[in-house]
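The first residue in the sequence is number 1, and the count goes up from there.
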Amino acid sequence: MFNALQILNTSISNALISLYNLSSVELSFQKTKSDFEGDFTLVTFNLTKPTKQSPDAIGKAIGDYLLLHEPIVEYYNVVKGFLNIGLKSNFWLSYFENIRENSGIGLKAKNSSGKTIMLEYSSPNTNKPLHLGHIRNNLLGFSMAKVLEANGHKVIKANLVNDRGIHICKSMLAWLKLGKGETPQSSKMKGDHLVGKYYVEFDKLYKAEIAELVKQGKSKEEAEKSAPVILEAQQMLQRWESGDKDVIELWKLMNSWVYDGFKETYANIGVAFDKMYYESNTYLLGKELVEEGLTKNVFYKKQNGSVAIDLSNDGLDEKIVLRSDGTSVYITQDIGTAIERFKEFPELQQLIYTVGNEQDYHFKVLFKILEKLGYKWAKECYHLSYGMVELPDGKMKSREGTVVDADDLLQEMYETAERTTSELGKVEGFTEEELKTLYRTISLGALKYFILKVDPKKKMLFNPAESIDFNGNTGPFIQYTYARIKSILRKAEKIEKFDINRIELTPIERELIRTIYDFEAIIEEAAKLYNPSIVANYAYELTKLFNRFYHEFNIIREEDATLKNFRLSLSQSCSHVIQNSMDLLGINVPDRM
């Protein structure tokens with residue numbers, strides 16, 4: 001009843017039959033640009049060939065037809081082949097009357113689509129704490145899961161922990177050499193930080209040995225391969241793979257420290273998972289599939305005994321899937337793990353990997369191999385690629401200990417939120433405990449919004465000082481507006497019944513209702529494009545619009561009871577949509593600020 005595009009699509013299809021005897025034409029609509037008058041715009045260029053008319057002539061003919069035959073259309077204008085259509089105020093008022101008490105505007109019931117999706121994100125290594133890059137990954141993955149759920153899908157949030165390999169052996173070896181039995185308890189350090197400390201220490205040892213070997217006459221490349229400490233780490237990895245009891249016990253101990261640290265950071269960021277996978281349990285998966293691929297002639301054996309696939313006809317290169325010594329490579333494991341997931345969850349229809357764009361090629365190869373192995377669902381695998389996060393002073397390097405640690409960043413954001421809020425005098429009437437909750441809500445809102453408002457595909461520069469601002473395109477600005485609306489509603493105490501037919505919409509009230517109407521389409525677009533920034537920037541536009549409305553009109557002090565209660569009701573609907581849009585970003589909005 002209130003799907004304007006569906007109504008217009010039907011009416012314009014009828015117009016094309018009536019005017020040009022033209023049926024089964026796909027129509028292209030878009031929201032009318034702010035520079036022009038209208039609610040929806042029809043692109044007419046694709047209609048010129050079948051109608052043998054100019055775009056402007058087609059637009060005028062359809063516009064005239066709509067004015068005569070479609071009751072919801074109030075006016076039209078044609079600008080360079082674009083037909084801009086304006087709807088009558090009573091359509092928008094009827095829509096508003098229908099949704100104004102619905103706190104879940106735009107959200108579909110979970111699993112209403114019947115589609116089940118597994119979305120993998122985080123995927124940390126156990127040799128270091130989470131850092132700023134991981135924060136973007138976690139926030140993007142968690143938000144994308146919420147957006148997909150809001151579109152009616154069931155989402156399984158998965159995390160594949162990289163808990164084996166040479167990287168953790170480096171930390172383990174450095175701890176054996178330098179740790180003197182140090183533990184998280186004895187050092188009063190989070191477990192992931194402690195293990196990360198020894199990863200950095202290993203790098204120092206390694207660089208010192210390389211420098212010494214180069215001084216002795218070896219080339220840098222030779223020194224890197226023959227440094228005693230790297231050879232020891234490689235031997236430790238071999239002992240781990242052969243099940244050496246002492247190595248396995250140390251590996252379990254140090255990983256347990258890291259898992260405790262990760263758990264605390266995840267809780268502080270506000271992300272969660274439904275399913276945990278560990279590389280130590282999955283790294284052998286896929287080896288038997290290599291044999292299957294050989295029998296199907298998907299793979300071939302090279303002269304040196306390694307197994308590969310030639311993807312040159314698909315615009316890719318040759319890829320080794322099994323080394324000559326019979327050991328698997330990363331992609332072999334990923335092949336096996338993907339297949340295992342579809343076996344474990346037979347209802348699964350899509351698999352999404354949230355991984356940085358430096359792995360774009362890897363996932364193209366992975367999906368193509370799965371397709372060639374005959375798995376139909378391979379076409380439903382998707383790499384949610386995102387750009388790296390940089391700081392004002394450049395890139396981060398974990399080996400050198402120059403990363404922005406996630407825990408340190410969260411603390412810095414909290415302190416900035418505390419200082420900024422206090423300076424603005426927004427702390428009156430709060431208990432000490434309430435203020436702590438408020439600072440945490442503001443700081444996380446600032447961090448999450450700053451990161452998620454950027455298109456995932458773009459590289460981003462993160463500046464903590466810019467993110468906590470109560471003005472501009474920031475989380476705190478949106479949170480403060482929500483708290484302002486809640487304050488208005490508290491002062492009003494309740495919204496009385498009113499006659500919607502007595503309302504004459506002002507342009508800004510009409511625009512607010514029109515923007516609320518867009519929310520469902522925004523959620524659908526964010527899911528279709530795998531891009532939560534669409535939701536973030538929509539929330540900002542709605543918030544800006546509400547603030548204009550707030551400054552232009554009396555709400556509480558409006559003397560006309562009908563108008564007052566309509567504006568209160570409109571404010572309440574704005575608060576619902578702001579809250580829902582921020583929730584899709586994993587951001588809480590406070591009732592008071």
Side-chain angles (χ1 to χ4, degrees), residues 118 120 123-127 158-170 221 224-225 230-231 233-244 247-248 251 277-344 348 351 353 355-356 358-383 385:
M118 179 174 284
E120 178 191 296
S123 305
N125 294 327
T126 55
N127 63 314
N159 186 356
L160 173 62
V161 181
N162 300 306
D163 64 341
R164 63 168 286 278
I166 195 70
H167 58 274
I168 184 64
C169 289
K170 289 176 179 178
E221 189 178 347
E224 286 172 349
K225 289 179 180 177
I230 195 68
L231 295 177
Q234 289 166 354
Q235 288 164 6
M236 180 177 273
L237 178 58
Q238 290 167 0
R239 287 169 63 197
W240 183 91
E241 291 189 351
S242 64
D244 181 285
V247 172
I248 294 292
W251 170 79
Y277 293 95
Y278 298 91
E279 194 176 297
S280 54
N281 296 329
T282 65
Y283 81 106
L284 294 175
L285 291 172
K287 286 183 76 171
E288 60 188 54
L289 292 160
V290 172
E291 289 300 320
E292 181 189 322
L294 283 167
T295 60
K296 290 181 177 179
N297 294 320
V298 173
F299 303 136
Y300 59 88
K301 195 163 276 191
K302 300 185 75 173
Q303 285 186 337
N304 65 359
S306 62
V307 178
I309 182 171
D310 183 6
L311 297 172
S312 54
N313 289 336
D314 300 288
L316 303 166
D317 299 323
E318 178 189 79
K319 181 66 181 178
I320 300 291
V321 294
L322 208 63
R323 297 188 186 96
S324 56
D325 61 4
T327 57
S328 61
V329 293
Y330 270 116
I331 204 150
T332 324
Q333 171 189 298
D334 285 348
I335 294 165
T337 305
I339 293 165
E340 195 66 24
R341 287 171 174 179
F342 278 89
K343 285 180 182 174
E344 185 181 0
L348 203 59
L351 182 53
Y353 298 84
V355 182
E358 75 278 8
Q359 294 294 325
D360 284 353
Y361 181 80
H362 172 87
F363 283 102
K364 285 178 185 175
V365 172
L366 172 63
F367 301 158
K368 186 54 69 175
I369 291 174
L370 289 167
E371 189 182 322
K372 288 184 179 292
L373 286 170
Y375 294 99
K376 291 180 181 177
W377 46 257
K379 289 186 180 294
E380 297 303 318
C381 290
Y382 182 79
H383 174 206
S385 175

What's the separation between atom OH in Y278 and atom CZ in R164, rounded to the nearest 0.5 Å? 16.0 Å

Without swapping roles, check the side chain of D310 against the backbone of E318 for a donor-acceptor pair under 3.5 Å. no

For a side chain to side chain contact (heavy atoms under 4.5 Å, CB included) check, start with the C-alpha distance between N125 and I168, then their side-chain angles and the critical distance, and finish with the verdict. CA-CA 8 Å; N125 294 327; I168 184 64; over 6 Å; no

Do the charged groups of E371 and K368 touch, with an N to O distance under 4.0 Å? yes

Are the side chains of F299 and L322 in touch, meaning some heavy atoms are under 4.5 Å apart? no

Out of curiosity, E279 CD to Q333 CD, how far, rounded to the nearest 0.5 Å? 4.0 Å

Nearest 0.5 Å, please: how far is CD1 in I309 from NZ in K372? 6.0 Å

For atom CD of E358, decide whether the heavy atoms of other residues, nucleotides or ligands shown that lie under 6.0 angstrom number more than 12. yes

Minimum heavy-atom distance M236-C169, with the two atoms named: SD-O, 3.6 Å

Residues K170 and A233: closest non-hydrogen pair is CG-CB, 4.4 Å

Test of ring centre spacing under 6.0 Å for Y283 and W240: yes

A side-chain contact here means heavy atoms from C-beta on lying under 4.5 Å apart; do I331 and V321 qualify? yes

Do D334 and H362 have side-chain N/O donor and acceptor atoms under 3.5 Å apart? yes

Check for a donor-acceptor pair, side chain of K319 on one end and backbone N or O of L366 on the other, with a separation under 3.5 Å. no

For the pair N304 (side chain) and S306 (backbone), establish whether a donor and an acceptor sit closer than 3.5 Å, ignoring hydrogens and angles. yes

To the nearest 0.5 Å, what is the distance between OG (S123) and CG (N159)? 5.5 Å

Student check: side-chain heavy atoms of L285 and S328 closer than 4.5 Å: no

Hey, are the side chains of I230 and K225 touching, using non-hydrogen atoms and a 4.5 Å cut-off? no

Going by heavy atoms in the side chains, are K364 and D314 under 4.5 Å from each other? no

Check whether the side chains of Y277 and E344 place a donor and an acceptor atom closer than 3.5 Å, and report yes or no. yes

Under a 3.5 Å cutoff, is there a donor and acceptor pairing between the side chains of S385 and D360? yes

Just so I know, are the side chains of L351 and R341 near enough to count as touching, which here means a heavy-atom distance under 4.5 Å? yes

Let me confirm one number: the NZ-CG distance from K301 to L294, rounded to the nearest 0.5 Å. 6.5 Å

Nearest heavy-atom neighbours spanning F367 and A378: O-CB, 3.9 Å

Hey, could you give me the OG1/CG distance between T126 and N162, rounded to the nearest 0.5 Å? 8.0 Å

Kindly write out the residues that satisfy side-chain contact (heavy atoms from CB on, under 4.5 Å) with I339, not counting sequence neighbours, or none if the list is empty. L289, I335, K343, L370, Y375, W377

Sort and list the pairs that fulfil side chain to side chain donor-acceptor pair (under 3.5 Å) and have at least one residue in residues 289-298, not counting sequence neighbours. E292-K296

